[in-house]
2 protein chains.
Amino acid sequence: MGFLNGIEYLDHLAYDSVIFGFAGDNLKILLMEYHDTALFALPGGFVQVDEDLNDAVRRGLAERTGLQNVYLEQFYTFGDAKRNLTGEMNKILNANNLGDDSVKWILNRFVSVAYLALINYKNVNPRPDEISDSCTWYDVNNLPPLIQDHTLIVEKALMTLQSQLDHKIPIFELLEEQFTMAELQRVYEVILNESLHRGSFQRKMLSLGILKRHEKQFNGGAHKAPYLYSFLK
Amino acid sequence: MGFLNGIEYLDHLAYDSVIFGFAGDNLKILLMEYHDTALFALPGGFVQVDEDLNDAVRRGLAERTGLQNVYLEQFYTFGDAKRNLTGEMNKILNANNLGDDSVKWILNRFVSVAYLALINYKNVNPRPDEISDSCTWYDVNNLPPLIQDHTLIVEKALMTLQSQLDHKIPIFELLEEQFTMAELQRVYEVILNESLHRGSFQRKMLSLGILKRHEKQFNGGAHKAPYLYSFLK
DNA sequence: CTTTAATGTCTCAAAATGCGACAATAATCG
DNA sequence: CGATTATTGTCGCATTTTGAGACATTAAAG
């Protein structure tokens, strides 16, 4: 077991979360930068000895974003023996004056269970923890270099999103309560990384019977004002 | 850490494998029965301290089935704090005279990474390990009661199979090198748990361009002899 | 008032799908 | 040995889904 701030955690087990938001025209994820290291990482954490794995991830997510009840899905567990580079972790520990023996367990090998979350960009107030300078949004197609195998984790998260876009993923978690058809289409296009035909997309979405149409908005933009939609539930 | 037969394993981390085969007209999975306990479980194991998680699972699979290079896919990690019922494990340890302190670590909480495998029923020679009486096939729709949350693990494996049947799953791993269209259709029907229209299924499969048609077989059965097919690769 | 560009909808062709029907075939049985 | 029977491969047809362009509508900009 390992201790951190007096709390006991399972050794060798961690989680990392790929937290997706949608802003402007692009998918973003939350990244943390550690003090004085220029090392970027996915927000992650450890599992307390009597805590459900899923609860641990929700706890960490709430601490980082202030959000409860977000859409959260486990997608893969990364367990290569060599995935933990002790050099990087040493640098982080030293920069934070955490070099004493009581936290040496953090340098051990860790198997990490990876989760993806879909959240509304605007509802979030990212909060860095004690050992990180920042916790901010980065464009998924323009990430800084990440520690360990975190780039691979992000790639796998994206693949999971793509493969599940048709069925299971509640895309509305990424959008405002009300949104235009163009915004919805843009989310699909960014996740699938391909452009879709406007007419066909609109017809398909409306035929699914999952959208409620509201009055037209007067959004101040030029040209014909679009309807607003929301997801039925 | 924990030791077993002089080998060191990561504590708190295990894997379980749902090994699918297709025989007669049904999906089957491999289950183990522990000595003198009437307890059934999925074949599983532990991860050595310097071993990749995926390698550990392949090692265990080879030991149980004698097979190398099988299709293997990680599908979920089960991490509830209460998923390990010490009563069941105690019973198993006692029945095997393993009650001494050196294996008490097995009674700890374990997070288990679950894998599914697709293998050819006929190529397998299931081998029980030291603490199990048997390692044999059971019809997926008629399983004995399983320990811990293993029934849940099987259900999730089946759901994963269903959701991936269209895209990613190499179904041919379940079949002989050559097979009839009726056999292939039966595999789909069993996994999807619904009957399919014969003509449409044949047309669809042939249109995919992934099948090679061979000469007709003389299978000794009555009626018109069907073509044999194999998957292109 | 005209221009411009985004929006909602429609039409048409092409493709995919559901479902039944038909002829061909090979073992079985009278 | 010929008729029966059940299975197979294929086809036809109606229906549904999809891809792509076209049109009128609309609201801001010039």
Side-chain angles (χ1 to χ4, degrees), chain A residues 22 24-26 162-167 171-172 175-232, chain B residues 22 24-26 162-167 171-172 175-232:
Chain A
F22 183 76
D25 255 5
N26 277 105
Q162 287 183 7
S163 70
Q164 301 191 348
L165 188 52
D166 284 341
H167 339 280
I171 279 305
F172 56 87
L175 293 166
E176 298 294 306
E177 166 73 20
Q178 298 192 2
F179 48 86
T180 67
M181 191 61 74
E183 288 169 342
L184 183 61
Q185 180 175 345
R186 182 63 189 157
V187 173
Y188 273 76
E189 290 180 333
V190 169
I191 291 178
L192 294 175
N193 196 30
E194 67 183 13
S195 58
L196 305 172
H197 185 274
R198 189 176 59 86
S200 302
F201 180 82
Q202 172 132 331
R203 179 182 52 194
K204 180 69 178 174
M205 284 297 132
L206 294 180
S207 77
L208 293 178
I210 58 175
L211 295 182
K212 177 176 195 291
R213 173 178 285 181
H214 300 227
E215 296 307 308
K216 296 199 178 200
Q217 70 175 350
F218 306 95
N219 59 353
H223 322 308
K224 183 177 182 179
Y227 287 111
L228 283 175
Y229 300 87
S230 61
F231 282 93
L232 295 170
Chain B
F22 182 76
D25 255 5
N26 277 105
Q162 286 183 6
S163 71
Q164 300 191 348
L165 188 52
D166 284 341
H167 337 283
I171 280 305
F172 57 87
L175 294 166
E176 298 292 308
E177 167 72 20
Q178 298 194 2
F179 48 86
T180 66
M181 192 59 75
E183 288 169 341
L184 183 61
Q185 181 175 344
R186 181 63 190 157
V187 173
Y188 273 76
E189 290 180 333
V190 169
I191 291 178
L192 294 175
N193 196 30
E194 68 183 14
S195 57
L196 304 172
H197 185 275
R198 188 176 60 87
S200 302
F201 180 82
Q202 172 131 330
R203 179 181 51 193
K204 179 68 179 175
M205 283 299 134
L206 293 180
S207 77
L208 292 177
I210 58 175
L211 295 182
K212 177 177 196 294
R213 174 178 284 180
H214 299 226
E215 296 309 307
K216 296 199 179 201
Q217 70 176 349
F218 306 95
N219 59 355
H223 321 307
K224 184 178 182 181
Y227 287 111
L228 283 175
Y229 299 87
S230 61
F231 282 93
L232 295 170

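As the structure is a prediction and not an experimental result, all values here were calculated from the model. Just so it is clear: chains get the letters A, B, ... in the order the sequence lines come, proteins before strands, and each one is counted from 1.
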> Can you tell if the side chain of A/L228 reaches within under 4.5 Å of the side chain of A/T180, non-hydrogen atoms only?
Replying inline: yes

> Do B/V190 and B/F22 touch side chain to side chain, with heavy atoms closer than 4.5 Å?
Replying inline: yes

> Going by 5.5 Å between centroids and 30° between planes, is there a stack of B/H223 over C/dT25?
Replying inline: no

Figure out the [atom1]/[atom2] separation between [X] and [N], and round it to whole Å.
X: B/H197; N: D/dG12; atom1: NE2; atom2: P; value: 15 Å
X: A/Q185; N: C/dA6; atom1: CD; atom2: C1'; value: 12 Å
X: A/R213; N: C/dT7; atom1: CZ; atom2: P; value: 13 Å
X: A/F201; N: C/dT7; atom1: CZ; atom2: P; value: 12 Å
X: B/L206; N: D/dT8; atom1: CG; atom2: P; value: 14 Å
X: A/Y227; N: D/dT25; atom1: OH; atom2: P; value: 14 Å
X: B/L208; N: C/dA16; atom1: CG; atom2: C1'; value: 12 Å
X: B/E194; N: C/dC19; atom1: CD; atom2: C1'; value: 15 Å

OP1 or OP2 of [N] sitting under 4.0 Å from any side-chain N/O of [X]?
X: A/R198; N: C/dA5; answer: no
X: A/K204; N: D/dT18; answer: yes
X: B/Q202; N: D/dT10; answer: yes

>> Against A/S200, only a single residue in A/K204, A/R198, A/Q202, A/H197 fulfils side-chain hydrogen bond (donor to acceptor under 3.5 Å, both in side chains); can you say which?
In response: A/H197

> Do the side chain of B/K224 and the base of D/dT7 come within less than 3.5 angstrom through a donor-acceptor pair of N or O atoms?
Replying inline: no

>> Given the structure, check if the side chain of B/R203 and the base of C/dG18 hold any donor-acceptor pair shorter than 3.5 Å.
In response: yes

Quick one: pull up [atom1] in [X] and [atom2] in [Y] and give me the separation to the nearest 0.5 Å.
X: A/L232; Y: A/K212; atom1: CG; atom2: NZ; result: 8.0 Å
X: B/F231; Y: B/L208; atom1: CZ; atom2: CG; result: 9.5 Å
X: B/Y188; Y: B/E194; atom1: OH; atom2: CD; result: 12.5 Å

> Using 30° and 60° as the class limits, which term best fits the ring planes of B/H167 and A/H167: parallel, tilted or perpendicular?
Replying inline: tilted

> So what's the dot-bracket for DNA chain D: Watson-Crick or G-U pairs under 3.5 Å, [ ] if a pair crosses, | if it pairs off-strand?
Replying inline: ||||||||||||||||||||||||||||||

